[in-house]
Student: 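Quick one: structure below, then a few questions.
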Amino acid sequence: MIEILDTTLRDGEQTNGVSFSIHEKKAIARLLLNELQVDRIEVASARVSEGEFKAVRQLAQWAAQTGSLSRLEVLGFVDGGASVEWIQSTGCRVMNLLCKGSLKHLTEQLRKTPEQHIAGITEQVCLAARADMTVNVYLEDWSNGMSHSPEYVFLLTDALLQLPVRRIMLPDTLGMLDPEHTRACCGAMVERYPGVHFDFHAHNDYDLAVANVCAAVRAGVHGVHATVNGLGERAGNASLSSVVAALHDHLEQQTAIREEHINHVSKMVEMYSGIHIAPNSPVIGEHVFTQCAGVHADGDSKNNLYCNDLLPERFGRMREYALGKMSGKANIRRNLEALGIEMDEESMRKVTERVIELGDKKEIVTREDLPYIISDVLRYDAQENKIKILNYSLSLAQGLKPVATLKIEIQGKTYEETATGDGQYDAFVRALRKIYRALNRPFPMLTNYAVSIPPGGRTDAFVQTVISWRHEGVEFKTRGLDADQTEAAIKATVKMLNRIEK
């Protein structure tokens, strides 16, 4: 069983621009410990700020009530007992003591001899032991230490083993290792000190963090560190989701992690941190379980020929089949099945041609768009849409608020309204809301509005507007495509109106 320490709340918070509030720290800690079942979490650095002290104290109080206090860890420093006092005052019981793991860091940053540093470490560990605290030790810059001053690393480790230290943690502080060197360096430690619990802490400067974690486990380390979504200083740390998938599948190692909750936790941390997950991020990215090529969708229907062991259901996800110029009938058939729609071969051919045509114009076609495409292709669009925009006028004048006048048909009846707004589309929506309010009809809440154009930035390029809505507890998106941004947004809005009508 490989032990997982998540350091999102400590090392992850060193991501540029990320600072979790007390409420967010508590929410993330609960998700990590209760939902994801991470073995341990590193929640803070000692003596950072008064706000950090309050957050850690509240976390410790919650953890003590739930029997999780031993799973909370705080980074401490060799500072004559100040970190021990700080951590003890919060109620936490585990200190991860930061020591210098390379002779270069020791002599040039601390300007001390190894003997002086060991004396300071000994004092700090003994103070912690008298306070009934568990101590783990980080060998900061250990990877450089193994490359340039291994004799110092061994001297320090020999001294640590004479002290009440539970784990020795081996960080690649500067992200300089590759898998071959990781395995060699970790192997040297494991071979020299059999029976010692070693953790490996990777950074992702060369995009090798997950591979290095695997190499460290192959070398015999007992624990690894990661962060949700790979948050961390510079290029970040090893991503928890990728680490877990690689350990389970490639190394056939067991962990306590509940994979089915990974996606939910990743999305929550994305929201709290403000750092967006790249669409192609392994395991957690928006597009990683989406097949684009028609031949892949066809193969999936024939004994899952294009599926690997990373099944989306493992991570609380589901496989999707993208619609665009690469689509074939298999892609479209998969999406229609998900919508509960059956079509004959001739209709399927027409819909496939239209999807490919739209894909050539760079429009992103979604599953939600398919009913509209089908209606358009089969010439049922005008009859099936119960809500139609008959006319609208938008005006914009310097020094005056934009004005929109709208005439709309709902269930065969015509309504007209005028409104001002902070922009032309805002004025249009306000006029629309007036009509719906007068009819006592619910109107969805707009939760996000995104605009994109194809690469090249031409003034006549199509504008794609993607609007997210929330209606009666359901969230969905609609898209509009036009050469004019406002027109594209209006098209997306009309799609929304007809969707909730149906």
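Only heavy atoms go into these numbers, but all of them, side chains included; no hydrogens, no water, no symmetry mates.
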Student: Do the charged groups of E52 and K25 touch, with an N to O distance under 4.0 Å?
Tutor: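 Salt bridge: yes.
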Student: Distance alone, cut at 3.5 Å: any donor-acceptor contact between the side chains of W142 and S102?
Tutor: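 No, S102 and W142 have no side-chain donor paired with an acceptor closer than 3.5 Å.
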Student: Could you pull out all residues at least two apart from N448 that satisfy side chain to side chain donor-acceptor pair (under 3.5 Å)?
Tutor: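 Not a single residue meets the side chain to side chain donor-acceptor pair (under 3.5 Å) criterion with N448.
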Student: Okay, side chain of S273, backbone of V269: is any donor-acceptor separation there less than 3.5 Å?
Tutor: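 Side chain of S273 to backbone of V269, a donor-acceptor pair under 3.5 Å: yes, one is there.
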Student: Which is it for H203 and H201 under the ring-ring contact (aromatic ring centres under 6.0 Å, His included) test, yes or no, and what are the steps along the way?
Tutor: CA-CA 7 Å; H203 280 264; H201 179 104; 5.1 Å; yes
Student: Just by distance, with hydrogens left out, do N229 and S266 show a side-chain donor and acceptor under 3.5 Å apart?
Tutor: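 Per modelled atom types, N229 and S266 side chains form a pair under 3.5 Å.
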Student: Less than 4.5 Å apart, any side-chain heavy atom of R40 and any of S70?
Tutor: no
Student: Starting from the C-alpha separation in whole Å, work towards a yes-or-no answer on side chain to side chain contact (heavy atoms under 4.5 Å, CB included) for H117 and L110.
Tutor: CA-CA 9 Å; H117 193 39; L110 296 187; 3.8 Å; yes
Student: Charged N to carboxylate O below 4.0 Å: is that the case for R71 and D6?
Tutor: no
Student: Can any side-chain N or O of S143 pair as donor or acceptor with the backbone N or O of D172 at less than 3.5 Å?
Tutor: no
Student: Should R47 and S83 be marked as a side chain to side chain contact (heavy atoms under 4.5 Å, CB included) after you check the CA-CA gap, both sets of side-chain angles, and the distance that decides it?
Tutor: CA-CA 7 Å; R47 301 167 54 205; S83 289; 4.0 Å; yes
Student: When you check the side-chain N and O atoms of H248 and E259, is any donor under 3.5 Å from an acceptor?
Tutor: yes
Student: Between D249 and R314, does any NZ, NE, NH1 or NH2 come within less than 4.0 Å of an OD or OE carboxylate oxygen?
Tutor: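 Yes.
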Student: Tell me, with the steps shown, if Y138 and H225 meet ring-ring contact (aromatic ring centres under 6.0 Å, His included).
Tutor: CA-CA 12 Å; Y138 271 113; H225 298 188; 5.8 Å; yes
Student: One thing to verify: whether R167 and E3 come together as a salt bridge, which I'm taking to mean a side-chain N less than 4.0 angstrom from a carboxylate O.
Tutor: yes
Student: Would you check, one step at a time, whether the test side chain to side chain contact (heavy atoms under 4.5 Å, CB included) holds for L156 with L139?
Tutor: CA-CA 9 Å; L156 178 59; L139 305 185; 3.7 Å; yes
Student: Check the pair K54 / I22 against side chain to side chain contact (heavy atoms under 4.5 Å, CB included), numbers first and verdict last.
Tutor: CA-CA 8 Å; K54 292 178 181 178; I22 293 177; 4.0 Å; yes
Student: Without hydrogens or angle criteria, can the side chains of N212 and Y206 be said to hold a donor-acceptor pair below 3.5 Å?
Tutor: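 Side-chain D/A pair, N212 to Y206: absent.
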Student: Do side-chain atoms of E13 reach the backbone of R10 as a donor and acceptor pair under 3.5 angstrom?
Tutor: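 No, because the side chain of E13 does not come within donor-acceptor range (under 3.5 Å) of the backbone of R10.
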